J.: 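If you scroll down you'll find the structure; I have some questions about it.
None of these values were measured; they are calculated from a predicted model.
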Amino acid sequence: MKRCPNCFSFGTIEQGNCTVCGFSISTQQEQRALPVGIALHQRYLLGRVLGVGGFGITYVAYDQRLQRRLAVKEYFPAEWAMRMSRGNQIIPNSQSQNEVYCRGREVFINEAKVLAKLLEVPGVVDVLDFFQENGTAYMVMELLEGSTLSGYMKKRKIRMMPWQEADRIIWEAGMALRQVHGQMLLHRDIGPDNIMMDQKGDVHLIDFGATRIYALNSERSMSVMLKPGFTPIEQYSRSGRQGPWTDVYALAATYYYLVTGKKPPEAPDRVTGAQLPFLSQCVPDIPEKISQAVEHALKTQWQMRTKSVEEFLMEMGLLKRPVAKMIWKGRWKRCLFGEDQTLTIGRTAKRSSLVLDDRQVSGLHCRITYDSTADSFLVENYSGNRTYTIRGTLEKGQQVHLQKGEWIYIQTSKQRYIFYMEVE
């Protein structure tokens, strides 16, 4: 290969090392990996191996069209498949495993399609391309320069970090995870090795090799992914009930590890009696609400655990809670938004979360949705009786964006119902 397998500079290898990046070409290559220098899709030139997991191999690559470095992940489930001794084809280990291998490849491509839709979401590695070749599938991603949280702590030679710093990291990771869950995906492998800090200090979720679309959660299409200390009990069984709460456990366990320097006991040990010391006992200056939030998110039984990332971040005090403050009988009444950051106002409980007992209020009169990224409110009117806002009257089907402190009201012959948008 005329290019360096790491930085892809031309003619820079001298005495086995690259004069630009210092990479040694004697670095041992993964035996199952594709040869250095091979081109995929007539475009992506492969270099060294970045990492190997249970479902695939990730390479540093060079986009010959756009002339930039990228990362390419190859679907290669070691449990189900092997690479042919001659050529680069990957084939199932046996005829009986052909179906599960092909199903897994389909899931891999579906994941790439969904993650590609999150291209502009901060904190989720960008998927730029995907294709099938060599009997398998490939995912082309941005190449992140930086360290995993584990590597970051080793580099700084620290066993634990201040809880204030861990707060920022977990907030960024949690905000990205919200977007993943919003696409009906689970990560299923959250931990210090799969959260990365780039050179600017921004946090990214990486290694979605364990990700699975909820609907594909079946014994035949899914292997159990375990990260001792960070994996909840439901992942130790193929029949375990998994959902957003599964990733919440792993995220909370990661926070616990960052601020204490110790992994929580493995889930099966906890089920049989191993105790998890409270954070407030391990980190004396940590706020009690954070200790309680982590304890809630690390419940062994998923039914008792924090159900969503939003709920976890709110309990931690890291996510703002939107409220609509309503003047009611001369007093302020706080109307909380749901976990989906939405408040619906109307006359019937079947259609609305906030019920106004007034015949001139429609069954579903209006919907208010809080956008935490933009820190603003979207107001949508569903009623022919109008919704009035600081920015004008909304007819049926119209909408408007409002800022904190701004108001809407619903007018009837009985009363004027005024709501002020706030974030606590």
Side-chain angles (χ1 to χ4, degrees), residues 1-6 8 13 16 23-65 69-116 125 127-143 188-189 194 206-213 216 218-226 238:
M1 183 181 184
K2 295 181 180 180
R3 293 181 181 269
C4 167
N6 180 59
F8 296 95
I13 302 297
F23 180 76
S24 172
I25 61 173
S26 63
T27 303
Q28 188 173 2
Q29 184 83 339
E30 163 67 31
Q31 291 184 350
R32 295 185 298 128
L34 287 166
V36 169
I38 192 171
L40 294 175
H41 213 46
Q42 298 181 333
R43 176 174 178 177
Y44 304 108
L45 192 67
L46 295 191
R48 68 180 179 89
V49 171
L50 289 173
V52 180
F55 283 93
I57 301 175
T58 305
Y59 308 81
V60 63
Y62 183 74
D63 185 342
Q64 298 179 99
R65 184 180 303 171
R69 294 166 76 227
L70 299 165
V72 171
K73 184 162 189 176
E74 179 182 44
Y75 171 64
F76 193 164
E79 183 182 346
W80 307 330
M82 61 182 177
R83 197 183 302 279
M84 296 180 66
S85 57
R86 294 183 180 180
N88 302 315
Q89 293 286 118
I90 293 178
I91 60 174
N93 285 331
S94 64
Q95 185 63 36
S96 63
Q97 291 177 315
N98 180 68
E99 182 181 351
V100 70
Y101 171 79
C102 292
R103 182 60 169 158
R105 183 177 59 196
E106 179 184 340
V107 170
F108 183 91
I109 289 293
N110 286 339
E111 289 165 9
K113 289 178 180 178
V114 173
L115 291 172
V125 61
V127 172
L128 307 171
D129 194 7
F130 50 90
F131 54 91
Q132 295 190 52
E133 199 169 306
N134 298 326
T136 187
Y138 297 88
M139 190 185 303
V140 181
M141 305 171 289
E142 65 174 323
L143 179 62
R188 299 181 71 246
D189 203 20
N194 286 340
I206 62 172
D207 196 358
F208 282 78
T211 305
R212 289 296 175 266
I213 298 172
L216 298 178
S218 67
E219 292 187 15
R220 301 191 67 186
S221 67
M222 182 184 269
S223 289
V224 177
M225 305 302 298
L226 301 178
R238 285 188 174 88

J.: Do any N or O atoms from the side chain of Arg3 and from the backbone of Gly37 form a donor-acceptor pair under 3.5 angstrom?
T.: no
J.: Given side-chain contact (heavy atoms from CB on, under 4.5 Å), test Leu46 with Ile38 step by step and report yes or no.
T.: CA-CA 6 Å; Leu46 295 191; Ile38 192 171; 3.7 Å; yes
J.: Output yes when a side-chain donor or acceptor of Asn194 lies under 3.5 Å from a complementary backbone atom of Asp189, and no otherwise.
T.: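 Side chain of Asn194 to backbone of Asp189: a pair is present.
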J.: At what distance, to the nearest 0.5 angstrom, does CD1 of Ile90 lie from CZ of Arg83?
T.: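 One gets 4.0 Å once the value is rounded to the nearest 0.5 Å.
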J.: Quick one: pull up CD in Gln89 and CE in Met82 and give me the separation to the nearest 0.5 Å.
T.: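 Taking CD in Gln89 and CE in Met82, the distance rounds to 12.0 Å.
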J.: Can you list, pair by pair, the side-chain donor-acceptor contacts under 3.5 Å of residues 50-62, counting residues two or more places apart and other chains?
T.:
| unit_1 | atom_1 | unit_2 | atom_2 | d |
| --- | --- | --- | --- | --- |
| Tyr59 | OH | Leu34 | N | 2.9 |
| Tyr59 | OH | Glu74 | OE1 | 2.8 |

J.: Name all residues meeting the salt bridge (charged side-chain N to carboxylate O under 4.0 Å, His left out) criterion together with Glu142; count only those two or more places apart in sequence or in a different chain, and write none if there are none.
T.: none
J.: Listed by chain and number, what are the side chain to side chain contact (heavy atoms under 4.5 Å, CB included) partners of Ala116, not counting sequence neighbours?
T.: Val127, Phe130
J.: Out of curiosity, Asn110 CG to Leu115 CG, how far, rounded to the nearest 0.5 Å?
T.: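 If I round to the nearest 0.5 Å, the distance is 11.0 Å.
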J.: Any chance you could measure Arg69, atom CZ, to Phe8, atom CZ, to the nearest 0.5 Å?
T.: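 Nearest 0.5 Å value for the CZ-CZ distance: 7.0 Å.
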J.: Looking at residues at least two apart in the chain, or sitting in another chain, which of them share a side chain to side chain contact (heavy atoms under 4.5 Å, CB included) with Glu133?
T.: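 Counting only residues at least two positions away or on another chain, Glu133 forms a side chain to side chain contact (heavy atoms under 4.5 Å, CB included) with Leu40, His41, Phe131, Tyr138.
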J.: Quick one: side-chain hydrogen bond (donor to acceptor under 3.5 Å, both in side chains) partners of Asp129, sequence neighbours excluded?
T.: Tyr44
J.: Using the test ring-ring contact (aromatic ring centres under 6.0 Å, His included), find all partners of Tyr101 that sit at least two apart in sequence or belong to another chain.
T.: Tyr75
J.: Taking side chain to side chain contact (heavy atoms under 4.5 Å, CB included) as the test, write out the residues that go with Gln132, two or more places apart.
T.: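 Only Arg105, Ile109, Ala137 meet the side chain to side chain contact (heavy atoms under 4.5 Å, CB included) criterion with Gln132.
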J.: Heavy atoms only: give me the nearest Pro5-Val36 pair and the separation to one decimal.
T.: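 That would be CB-CG1, 3.9 Å.
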J.: May I ask you to test the Asn88-Pro35 pair for a side-chain heavy-atom distance under 4.5 Å?
T.: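 Yes; the side chains approach each other to less than 4.5 Å.
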J.: Mind jotting down which residue pairs meet the salt bridge (charged side-chain N to carboxylate O under 4.0 Å, His left out) criterion with at least one end in residues 34-58? Sequence neighbours excluded, please.
T.: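 Applying salt bridge (charged side-chain N to carboxylate O under 4.0 Å, His left out) to every pair that reaches into residues 34-58, excluding sequence neighbours, yields Arg43-Asp63.
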J.: Is there a donor-acceptor pair closer than 3.5 Å between any side-chain N or O of Asn93 and the backbone N or O of Glu79?
T.: yes
J.: Of all residues at least two apart in sequence or in a different chain, which pass the ring-ring contact (aromatic ring centres under 6.0 Å, His included) check with Phe76?
T.: none
J.: Residues two or more places apart in sequence or in another chain: which of them pass side-chain hydrogen bond (donor to acceptor under 3.5 Å, both in side chains) with Ser85?
T.: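 Per chain and number, Ser85 pairs via side-chain hydrogen bond (donor to acceptor under 3.5 Å, both in side chains) with no residue.
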